[in-house]
*Asks:* 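Following this message is one structure expressed as structure tokens.
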Amino acid sequence: GDACGHTVLGPESGTLASINYPQTSPNSTVCEWEIRVKPGQRVQLKFGDFDIDDSDSCHSSYLRVHNGIGPTRTEIGKYCGFDFQMDGLIISKGNEVTVQFMSGTHTSGRGFLAAYSTTDKSDLITCLENASHFSEPEFNKYCPAGCVIPFADISGTIPHGYRDSSSLCMAGVHAGVVSNTLGGQINVVISKGIPYYEGSLANNVTSKVGPLSTSLFTFKTSGCYGTLGMESGVIPDSHITASSILEWSDQTEQVNIWKPENARLKRVGPPWAAFISDEHQWLQIDLNKEKRITGIITTGSTLAEYYYYVSAYRILYSDDAQKWTVYREPGMDKDKVFQGNTELYQEVRNNFIPPIIARFFRINPLKWHQKIAMKVELLGCQFSIGRAPKITMPPPPPQNKNDNKNDDFVHSVKTSLQTDKTTFTPEIKNTTMTPSVTKDVALAAVLVPVLVMVFTTLILILVCAWHWRNRKKKSEGTYDLPYWDRAGWWKGMKQFLPTKSAEHEETPVRYSSSEISHLRPREVPTMLQTESAEYAQPLVGGIVSTLHQRSTFKPEEGKEASYADLDPYNSPIQEVYHAYAEPLPITGPEYATPIIMDMSSHPSTPIGAPSISTFKAAGNQPPPLVGTYNKLLSRTDSTSSAQALYDTPKGQPGPGAADEMVYQVPQSVA
């Protein structure tokens, strides 16, 4: 019996499978495939699935591949086995190959599915490959002819994408990027999946509704899939004509005319319908000039009470509406018959591979339901560079009485237009723009943007010149200190710089009159002549930890404090934050304005009371205490001394002369 299953043998690629695949093939059957490609090329064979019973060591069930065709062929190999994994490709020595499948007595085994192509297609895949088999986010593969197979399915549509479980090549046919009879290259892009995949009918492939998936894939294309003006109205009503128009009166005696201009896709209302339903009817569209036509979308009447639609049709095209060419796929000797609608609402898409280059486009219905009625949209783009070779029909054979109906119709399509009256007038040729108008439009399209840019540039230059002139005048008439010379900025920065010595400081420390009144008369000139630093030098690092953390500040000139308030032994410590200095960090050194006092006025000070400040003693001073505190070193200067150094760490030489004073903070009780 016959063991040949799904088979499409194209001129450069194809697909073949055993009968009943992927089910078990019948016993005692055989099939041979003879594959030919162009002379000078070789054939490569790739298996997508191989499952042949090997219980008798490939004696009665096997697959055999031969170089050549006929008695002179030579065997390349004999194969069998369950889930046999074929490593690599089988490559022939010439341009002809014979594949023989023998199915003997067996109880299991799916058979096989294989694809072939010429050896220049290095990235050949089979019809069973899907996107989940590849890890790259983008890749190119070659699909063989014949991948519209009944045992594979797809989910999704363009432009939303296809579910990752869909067959790559079958989805490519559905999307219109490859032809089922020719195969072709696909450029696949993987992206994140979507929750729902729509179903549709396109290029004789039905896409099913699909659920959520982790990823999906789409195809990169040339982008020539835009609408050409039927739905939008770019094509005027006068450019849509038909062989006949359905006119009828309803029960209310209202006349209904289903005119050709009603054949616009998604237009509300009735469609175009032919008055006579036969194979000689047509709907014609004038695109005004040559366009690259890549596809067509059709629907039925879209009226529930009129269940009319076209289920199959042919396509004809022309440059002058006189000589017409029937669309055929390359290498085929038969007219291409496109699958139409299966009901009146659904949009069905068909693509032209290769595209049609023409101005006039005709649809010739071949099969329909009840009446010929349809709405249409054309897909494509402008055609400007080069011209693809057209597919021409062979000259018609001589007429004889034995010619069948289709041959008579094809011949009449090509010849009747020269004698029969058509529905459009000869003035249609004058609807295109004349060359002079076209040149003027092109010139205006170039000049208008250029003039706009020139005027905009001039306005910007004038505005910038006016601003520059105003700024120049202001800079010539206004004099002001630079930002870095302003006092406010300098005062803010002085806290980050090292403190100047007493002899270079410009601002003396200010004391209130009440503070000076408490001092001895001979101390007043000394205090008034002394110019101390605005901020004290840091104390010795080891002493800082024994002092209270207080902020450095400039003495206020407001409230006058009494002598008792200044007593460092009895007064509670109050934190004062002055406007002239920011609080220092907790871990930073302490700075303080030196306090000058007479220790002789406090004879009753207890020995255990610790001192919290360094000071200079004026006049006669009692001898320092021994045993409890370390010695306090001091030196008495004359009352006329105008300079003093405060808080210099012990053991460190100061910037002054040798007679400068050294101070040490008393240490705590042992």
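Worth saying up front: this structure is predicted, and the values here are computed from it rather than measured.
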*Asks:* Can you tell me how far CD of E377 sits from OG1 of T299, rounded to the nearest 0.5 angstrom?
*Replies:*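 So the OG1 of T299 and the CD of E377 are separated by 11.0 Å.
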
*Asks:* Are the side chains of D164 and N130 in contact, using a 4.5 Å heavy-atom criterion?
*Replies:*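 Side-chain contact under 4.5 Å: no.
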
*Asks:* Say you draw a straight line from CG of L45 to CG of L16; how long is it, rounded to the nearest 0.5 Å?
*Replies:*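 So the gap between those two atoms works out to 6.5 Å.
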
*Asks:* Could you walk me through whether N288 and H239 pass the side-chain contact (heavy atoms from CB on, under 4.5 Å) test, one step at a time?
*Replies:* CA-CA 8 Å; N288 200 39; H239 286 199; 3.7 Å; yes

*Asks:* Which value, rounded to the nearest 0.5 Å, describes the distance between E34 atom CD and T98 atom OG1?
*Replies:*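 One gets 5.0 Å once the value is rounded to the nearest 0.5 Å.
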
*Asks:* Let me see the working for L316 and N364 under side-chain contact (heavy atoms from CB on, under 4.5 Å), right down to the final yes or no.
*Replies:* CA-CA 8 Å; L316 298 88; N364 169 221; 3.8 Å; yes

*Asks:* Under 3.5 Å, sequence neighbours excluded: what are the donor-acceptor pairs made by side chains of residues 134-147?
*Replies:*
| from | atom 1 | to | atom 2 | distance (Å) |
| --- | --- | --- | --- | --- |
| E138 | OE2 | K220 | NZ | 2.8 |
| N140 | OD1 | N187 | ND2 | 3.4 |
| Y142 | OH | S13 | OG | 3.4 |

*Asks:* State, yes or no, whether a side-chain contact exists between D49 and R110 at a heavy-atom distance under 4.5 Å.
*Replies:*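 Yes, close enough: below the 4.5 Å cut-off.
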
*Asks:* Considering all heavy atoms of both residues, which atom of I296 and which atom of I363 are nearest to each other, and what is their separation?
*Replies:*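 I296 and I363 have their closest heavy atoms at CD1-CD1, 3.5 Å.
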
*Asks:* Do Y162 and Y197 have their ring centres less than 6.0 Å from each other?
*Replies:*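 That pair fails the under 6.0 Å test.
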
*Asks:* Taking the six-membered ring where the residue is Trp, are the ring centres of Y307 and H369 under 6.0 Å apart?
*Replies:*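 Ring centres of H369 and Y307 closer than 6.0 Å.
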
*Asks:* Walk me through whether W272 and Y308 qualify under ring-ring contact (aromatic ring centres under 6.0 Å, His included).
*Replies:* CA-CA 10 Å; W272 163 74; Y308 307 152; over 10 Å; no

*Asks:* Can you find a pair of side-chain heavy atoms, one from V234 and one from L228, that are under 4.5 Å apart?
*Replies:*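 When only atoms from C-beta onward are counted, L228 and V234 do not touch, as no gap falls below 4.5 Å.
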
*Asks:* Short question: side chain of E343, backbone of G300 - any donor-acceptor pair under 3.5 Å?
*Replies:*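 Answer holds: no.
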
*Asks:* Please list every donor-acceptor pair under 3.5 Å in which a side-chain atom of residues 148-160 meets a protein atom from a residue at least two apart or in another chain.
*Replies:*
| from | atom 1 | to | atom 2 | distance (Å) |
| --- | --- | --- | --- | --- |
| S155 | OG | K208 | O | 3.4 |
| T157 | OG1 | S200 | OG | 3.3 |

*Asks:* Please find the pair of heavy atoms, one from S61 and one from H106, that lie closest to each other, and give the distance.
*Replies:*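 Of all heavy-atom pairs spanning S61 and H106, the closest is OG-ND1, 4.0 Å.
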
*Asks:* Any donor-acceptor pair under 3.5 Å linking the side-chain atoms of Y313 with those of N350?
*Replies:*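 Side-chain D/A pair, N350 to Y313: present.
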
*Asks:* Locate the shortest heavy-atom distance separating W368 from E279; write the atom from each residue and the value.
*Replies:*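 Minimum heavy-atom contact is CH2-N, 4.0 Å.
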
*Asks:* With a 3.5 Å distance limit and no angle check, can you tell me whether S167 reaches the backbone of C127 through a side-chain donor-acceptor pair?
*Replies:*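 A pair under 3.5 Å: yes.
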
*Asks:* Kindly say whether the aromatic ring centers of Y306 and W258 come within a distance under 6.0 Å.
*Replies:*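 When the ring centroids of Y306 and W258 are compared, they turn out to be within the sub-6.0 Å range.
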
*Asks:* In sequence, state the C-alpha distance, the side-chain angles, and the governing distance for E261 and R267, and then conclude on salt bridge (charged side-chain N to carboxylate O under 4.0 Å, His left out).
*Replies:* CA-CA 10 Å; E261 53 264 34; R267 179 172 180 171; over 6 Å; no

*Asks:* Could you tell me whether the side chain of I297 reaches within less than 4.5 Å of the side chain of V348, counting heavy atoms only?
*Replies:*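 No - every pair of side-chain heavy atoms lies 4.5 Å or more apart.
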
*Asks:* Find out whether S244 and Q281 are in side-chain contact, i.e. whether some heavy atom of one side chain is under 4.5 Å from a heavy atom of the other.
*Replies:*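 Yes. Closest side-chain heavy atoms under 4.5 Å.
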
*Asks:* Any sub-3.5 Å donor-acceptor pair from D237's side-chain atoms to I240's backbone N or O?
*Replies:*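 Such a contact is absent between D237 side chain and I240 backbone.
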
*Asks:* Run the numbers on I315 and V326 for side-chain contact (heavy atoms from CB on, under 4.5 Å), then give the verdict.
*Replies:* CA-CA 6 Å; I315 297 298; V326 182; over 6 Å; no

*Asks:* Of all the heavy-atom pairs spanning P26 and N20, show the shortest one and how long it is.
*Replies:*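 The answer is CD-ND2, 3.6 Å.
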
*Asks:* Just how far is it from atom CD of Q284 to atom OG of S318, taken to the nearest 0.5 Å?
*Replies:*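 Reported to 0.5 Å precision, the distance equals 8.0 Å.
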
*Asks:* Apply the test side chain to side chain donor-acceptor pair (under 3.5 Å) to residues T7 and W33: give CA-CA distance (whole Å), side-chain angles for both, the deciding distance (0.1 Å), then the verdict.
*Replies:* CA-CA 9 Å; T7 302; W33 294 266; 3.0 Å; yes

*Asks:* Could you check whether K375 and T302, counting side-chain N and O atoms only, form a donor-acceptor pair closer than 3.5 Å?
*Replies:*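 Yes.
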
*Asks:* Let me have the donor-acceptor pairs involving side chains of residues 70-81, under 3.5 Å, with sequence neighbours excluded, atom names and distances please.
*Replies:*
| from | atom 1 | to | atom 2 | distance (Å) |
| --- | --- | --- | --- | --- |
| R73 | NH2 | E32 | OE2 | 3.4 |
| E75 | OE1 | R64 | NE | 3.1 |
| K78 | NZ | C58 | O | 3.0 |

*Asks:* Would you say S243's side chain and W282's backbone share a donor-acceptor pair under 3.5 angstrom?
*Replies:*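 Checked: pair present.
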
*Asks:* Just so I know, are the side chains of I372 and P365 near enough to count as touching, which here means a heavy-atom distance under 4.5 Å?
*Replies:*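 Touching, per the 4.5 Å side-chain cut-off.
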
*Asks:* Please evaluate residues R36 and E96 with respect to the criterion salt bridge (charged side-chain N to carboxylate O under 4.0 Å, His left out), reporting the C-alpha separation (whole Å), side-chain torsions for both, the decisive distance (0.1 Å), and the verdict.
*Replies:* CA-CA 5 Å; R36 292 182 179 88; E96 296 180 341; 3.4 Å; yes

*Asks:* With distance as the sole criterion, is a donor-acceptor pair present between the side chains of E347 and T298 under 3.5 Å?
*Replies:*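 There is no such pair (donor and acceptor under 3.5 Å, judged by atom type) between the side chains of E347 and T298.
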
*Asks:* For G161 and T218, which heavy atoms make the closest approach, and how far apart are they?
*Replies:*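 In terms of heavy atoms, the two residues are closest at CA-CG2, 3.5 Å.
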
*Asks:* Going by ring pair (Phe, Tyr, Trp, His ring centres under 6.0 Å), F112 matches just one of F101, F82, Y21. Which one?
*Replies:*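 Filter result, single survivor: F101.
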
*Asks:* Under the disulfide bond (SG atoms under 2.5 Å apart) rule, what do C224 and C381 come out as? Steps first, then yes or no, please.
*Replies:* CA-CA 5 Å; C224 188; C381 57; 1.9 Å; yes

*Asks:* So, are E231 and R264 salt-bridged, with charged N and O less than 4.0 Å apart?
*Replies:*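 Salt bridge flag = no for R264 with E231.
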
*Asks:* Quick one: does R362's side chain get under 4.5 Å of R314's, heavy atoms only?
*Replies:*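 When only atoms from C-beta onward are counted, R314 and R362 do not touch, as no gap falls below 4.5 Å.
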
*Asks:* Within this structure, what is the CG-CG distance for the pair N256 and L246, rounded to the nearest 0.5 Å?
*Replies:*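 Going from the CG atom of N256 to the CG atom of L246 covers 8.5 Å.
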
*Asks:* How far does OG of S179 sit from CE of M332, to the nearest 0.5 angstrom?
*Replies:*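 Reported to 0.5 Å precision, the distance equals 7.5 Å.
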
*Asks:* Compare all side-chain heavy atoms of F219 with those of V188 and state whether any distance is below 4.5 angstrom.
*Replies:*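 They are in contact (side-chain heavy atoms under 4.5 Å apart), so the answer is yes.
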
*Asks:* If every non-hydrogen atom of L124 is compared with every non-hydrogen atom of S117, which pair is closest and at what distance?
*Replies:*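 That closest heavy-atom pairing would be CD2-OG, 3.5 Å.
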
*Asks:* Using the side-chain contact (heavy atoms from CB on, under 4.5 Å) rule, take F217 and L168 through it: C-alpha gap first, then chi angles, then the decisive distance, then the call.
*Replies:* CA-CA 9 Å; F217 64 90; L168 284 172; 3.7 Å; yes

*Asks:* Between E329 and K336, is there a salt bridge with N-O shorter than 4.0 Å?
*Replies:*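 Counted as a salt bridge, because a side-chain N and a carboxylate O are separated by less than 4.0 Å.
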
*Asks:* Any Lys/Arg nitrogen of D319 or R359 sitting under 4.0 Å from an Asp/Glu carboxylate oxygen of the other?
*Replies:*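 No.
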
